[in-house]
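Structure record follows, encoded as structure tokens.
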Amino acid sequence: FHFVPGRVAGNLLFVSGQLGTHNRVLADGLEAQIEAALANVGRVLAEAGLGMDAIVEIGSFHVGDVSAHVQAFAAAMKRHLPGNPPAWTA
């Protein structure tokens, strides 16, 4: 199984889904998992010479208490993507 964290096509970068892990270990708790997932996205972007401000759309997948998850994810997006937020589908 070959996982590509991101792929450039023309002048676009497509980032694969990122988990809330650090060194392949699941972060402890909802907020830590969200922070880890966003940090993983940031690493893929940085490898392509981009920052978080390059994100135009986010799709997130939530299980369990979806209301709490969406609130926590929205708060994290405000911290990591201030100013001009991307389109978001949860």
Side-chain angles (χ1 to χ4, degrees):
F1 166 113
H2 183 69
F3 176 77
V4 178
R7 169 100 191 245
V8 175
N11 64 348
L12 299 174
L13 172 65
F14 293 88
V15 178
S16 298
Q18 300 296 309
L19 299 174
T21 60
H22 179 66
N23 293 329
R24 297 187 179 198
V25 176
L26 186 63
D28 187 29
L30 173 62
E31 286 83 9
Q33 290 176 17
I34 292 169
E35 290 296 324
L38 289 172
N40 291 336
V41 169
R43 276 192 278 285
V44 175
L45 291 167
E47 288 178 14
L50 301 168
M52 296 293 274
D53 60 333
I55 297 173
V56 296
E57 181 180 13
I58 289 182
S60 58
F61 180 75
H62 307 271
V63 295
D65 184 354
V66 174
S67 178
H69 289 205
V70 168
Q71 289 178 30
F73 197 84
M77 285 204 322
K78 284 183 182 180
R79 287 191 303 278
H80 292 274
L81 303 161
N84 190 14
W88 175 32
T89 301

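Bear in mind the structure is a predicted one, so any value in this text is a computation, not a measurement.
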Query raised in the report: Should Leu26 and Phe73 be regarded as members of a common hydrophobic cluster, given that ILVMFWY residues are connected when their side-chain heavy atoms come within less than 4.5 Å of each other, either directly or indirectly?
Result: no
Using distance only, find each side-chain donor-acceptor pair of residues 50-60 under 3.5 Å and give its atom names and separation, not counting sequence neighbours.
residue : atom : partner : partner atom : Å
Ser60   : OG   : His62   : NE2          : 2.7
Ser60   : OG   : Trp88   : NE1          : 2.7

**Report entry** Cluster overlap Phe61 with Val44, hydrophobic side-chain contacts below 4.5 Å
**Finding:** no
Report task. Applying side chain to side chain contact (heavy atoms under 4.5 Å, CB included), name anything that partners Ala37, two or more places apart in sequence or on another chain. Result -> none
Query raised in the report: Apart from Leu19 itself, which Ile, Leu, Val, Met, Phe, Trp or Tyr residues share its cluster (side-chain heavy atoms under 4.5 Å, direct or through members)?
Result: none
Please report, to 0.1 Å, the donor-acceptor pairs under 3.5 Å made by any side chain of residues 5-18, with sequence neighbours excluded.
residue : atom : partner : partner atom : Å
Ser16   : OG   : Val4    : O            : 2.5
Gln18   : NE2  : Ser16   : O            : 3.0

Requested in this report: Please confirm whether the backbone N or O of Val63 pairs with a side-chain atom of His69, one donor and one acceptor, at under 3.5 Å?
Outcome: yes
Query raised in the report: Do you know which two heavy atoms are closest between Pro85 and Gly83, and how far apart they sit?
Result: CD-O, 3.0 Å
**Report entry** With sequence neighbours excluded, residues passing side chain to side chain contact (heavy atoms under 4.5 Å, CB included) with Ala36
**Finding:** Ala27
**Report entry** salt bridge (Lys or Arg N to Asp or Glu O under 4.0 Å) contacts in which one or both residues fall within residues 12-33, not counting sequence neighbours
**Finding:** none
Query raised in the report: So which residues get pulled into Val25's cluster when ILVMFWY side chains under 4.5 Å apart are joined, directly or through others?
Result: none
Query - Minimum heavy-atom distance Ile34-Ala72, with the two atoms named - result: CD1-CB, 3.7 Å
Report task. Specify the closest pair of heavy atoms between Ala68 and Leu30, including all atoms of both residues, with the distance to one decimal. Result -> O-CD2, 4.1 Å
Report summary line: Residues at least two apart in sequence or cross-chain that pass side chain to side chain donor-acceptor pair (under 3.5 Å) with His80, listed by chain then number, are Glu35
